[in-house]
Enquirer: 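One structure, as structure tokens, below. Some questions next.
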Protein chains: 2
Amino acid sequence: MSEEFISIGEVAKRSGIAASALRYYEEKGLIAHASRQGQTRLYPPSITERLALITLGQHAGFSLDEIAEVLTNDGYELDRQQLSNKAEEIDKQIQRLSLMRDGLLHAANCNAPTHAECPKFQRILRFTQQQKVKETEKQLDK
Amino acid sequence: MSEEFISIGEVAKRSGIAASALRYYEEKGLIAHASRQGQTRLYPPSITERLALITLGQHAGFSLDEIAEVLTNDGYELDRQQLSNKAEEIDKQIQRLSLMRDGLLHAANCNAPTHAECPKFQRILRFTQQQKVKETEKQLDK
DNA sequence: GCTTGACCTCAAGTCGACTTGAACCGCTAT
DNA sequence: ATAGCGGTTCAAGTCGACTTGAGGTCAAGC
């Protein structure tokens with residue numbers, strides 16, 4: 001039925017991830033060292049699932065290191081607690097983005113002569129600024 | 001009553017943006033060349049509004065170049081058409097993130113023995129993968 | 001038998017958004 | 001008058017996630 005092993009090129013085609021990136025992932029420990037036939041790497045077709053998981057994480061805004069933390073080494077099981085934490089982080093980001101989107105839409109339609117005079121937009125700007133200042137202070141604390 | 005001009009250090013403190021970053025923004029054309037007193041840059045306190053706008057854009061996931069496109073050179077007026085476009089982009093990103101969040105939460109709670117066997121999670125993974133492959137094909141087209 | 005194409009390794013380069021370092025200037029407080 | 005602070009310039013360094021390039025191996029097809 002389905003092939004037992006596929007080449008790195010085939011994995012690249014199926015996953016949409018460049019071969020060079022796959023080698024990089026291996027080096028980083030995100031995927032297991034592939035079995036070899038001579039020099040050539042051979043992958044089980046199921047590798048694509050783990051790769052999809054990695055891509056998922058990246059789209060969600062996590063670094064490869066963070067993804068590595070969440071992905072256990074064997075198979076592709078996950079730490080459930082970690083997952084909820086990450087989900088919460090994403091939720092916060094969604095909140096932020098929603099604010100931005102509303103701000104932009106409002107700015108696009110608001111007919112105050114300049115945004116300088118639109119109180120709603122001003123509120124958003126002030127909020128943004130406060131966040132930034134707080135963030136910076138946190139950095140200093142360390 | 002309020003001061004006419006403030007130093008770069010004061011701007012940094014108020015905006016939460018490092019002085020070095022402010023000089024970088026000037027070089028990039030994101031903020032006007034500050035007026036000088038001798039060598040020293042002097043800013044009108046209102047600069048903080050433009051800076052908040054820049055920070056807002058960054059949080060929304062835009063590069064400095066993209067932000068520069070949207071921000072007109074004078075004052076801090078904006079191109080309204082551009083704004084709606086960006087708002088739409090953000091909305092798409094929110095959709096993506098929502099998908100991820102739901103996926104993660106589901107994975108955290110789902111009691112299929114491994115995520116390999118959870119059809120909902122599988123659907124999300126497949127979707128992620130297809131997106132990635134499409135993206136890659138687009139790259140090749142150019 | 002020779003080219004072609006897919007694979008390999010290892011080192012170096014890239015990009016964006018800054019930061020850091022060295023070397024210097026000018027004010028003011030001791 | 002000198003130390004210290006905050007400003008200045010310019011070049012170089014950093015970080016993450018890869019990509020690119022040089023140089024080499026191996027099997028398949030003409």
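Labels below follow one simple rule: chain letters A, B, ... track the order of the sequence lines, proteins then strands, and each chain is numbered from 1.
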Enquirer: For the atom pair CG (B/Leu97) and CG (A/Leu97), what is the distance rounded to the nearest 0.5 Å?
Expert: 6.0 Å
Enquirer: Output one line per pair: protein atom, nucleotide atom from nucleotides 17-23 of chain C, and distance, for all N/O pairs under 3.5 Å.
Expert:
| residue | atom | partner | partner atom | Å |
| --- | --- | --- | --- | --- |
| C/dA17 | OP1 | B/Leu64 | N | 3.0 |
| C/dC18 | OP2 | B/Tyr25 | OH | 3.0 |
| C/dC18 | OP2 | B/Gln58 | NE2 | 2.9 |
| C/dT19 | OP2 | B/Ser20 | OG | 2.5 |
| C/dT19 | OP2 | B/Ala21 | N | 3.4 |

Enquirer: Between A/Gln37 (CD) and C/dA6 (P), how many Å, whole number?
Expert: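 Computing the A/Gln37:CD to C/dA6:P distance gives 17 Å.
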Enquirer: If the cut-off is 4.0 Å, is A/Arg36 near the phosphate of C/dT9, judged by side-chain N/O to OP1 or OP2?
Expert: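 For C/dT9, OP1 or OP2 has a side-chain N or O of A/Arg36 closer than 4.0 Å.
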Enquirer: Less than 4.5 Å apart, side chain to side chain, heavy atoms only: is that true for A/Ile8 and A/Thr40?
Expert: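 The answer is no, as the side chains (C-beta and beyond) never meet within the 4.5 Å cut-off.
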Enquirer: Given A/Phe62 and A/Gln58, is the side-chain contact (heavy atoms from CB on, under 4.5 Å) satisfied, shown in steps?
Expert: CA-CA 5 Å; A/Phe62 300 118; A/Gln58 286 193 295; over 6 Å; no
Enquirer: Report the distance from atom NZ of B/Lys132 to atom CD1 of A/Ile17, rounding to the nearest 0.5 Å.
Expert: 5.5 Å
Enquirer: Sequence neighbours left out, what pairs pass side-chain hydrogen bond (donor to acceptor under 3.5 Å, both in side chains) with at least one residue falling in residues 85-98 of chain A?
Expert: A/Gln81-A/Asn85, A/Asp91-B/Arg101, A/Gln93-A/Arg96
Enquirer: To the nearest angstrom, how far is A/His33 atom NE2 from C/dC8 atom C1'?
Expert: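 So the two atoms are 15 Å apart, to the nearest Å.
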Enquirer: What is the separation between atom CG on A/Leu42 and atom C1' on C/dC8, rounded to the nearest whole Å?
Expert: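 Nearest whole value for this atom pair: 13 Å.
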Enquirer: Can you tell me the distance, in whole Å, between the CD atom of B/Glu27 and the P atom of D/dT9?
Expert: 10 Å
Enquirer: Within this structure, what is the CD-to-C1' distance between B/Gln39 and D/dT8, rounded to whole angstrom?
Expert: 5 Å
Enquirer: Using a heavy-atom cut-off of 4.0 Å across all strands, would you classify B/Arg41 as base, sugar-phosphate, or nothing?
Expert: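 Result for B/Arg41 = sugar-phosphate.
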Enquirer: Considering all heavy atoms of both residues, which atom of A/Ala34 and which atom of A/Glu26 are nearest to each other, and what is their separation?
Expert: N-OE1, 3.6 Å
Enquirer: Take atom CZ of B/Phe5 as the centre, draw a 6.0 Å sphere, and report whether it contains more than 12 heavy atoms from other residues, nucleotides or ligands.
Expert: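 Yes, enclosed.
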Enquirer: So, is B/Ser7 near the phosphate of D/dG6, with a side-chain N or O under 4.0 Å from OP1 or OP2?
Expert: no
Enquirer: For the helix from C/dG1-D/dC30 to C/dT30-D/dA1, what angle lies between the axis at the first five pairs and the axis at the last five pairs, to 10 degrees?
Expert: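 Result, rounded to 10 degrees: 30°.
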Enquirer: In whole Å, what is the span from the CZ atom of B/Phe5 to the P atom of D/dG7?
Expert: 16 Å
Enquirer: Which residue, B/Asp65, B/Ile67, B/Leu53, forms the side-chain contact (heavy atoms from CB on, under 4.5 Å) with B/Leu30?
Expert: B/Ile67
Enquirer: Measure the distance from CD1 on B/Ile54 to P on C/dG16 and round it to the nearest whole Å.
Expert: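 It is 17 Å, rounded to the nearest whole Å.
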Enquirer: To the nearest 0.5 Å, tell me how far B/Thr55 OG1 sits from A/Glu135 CD.
Expert: 9.0 Å
Enquirer: Please report, rounded to the nearest Å, how far the P atom of D/dT9 is from the CD1 atom of B/Ile8.
Expert: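 After rounding, the gap between these two atoms is 9 Å.
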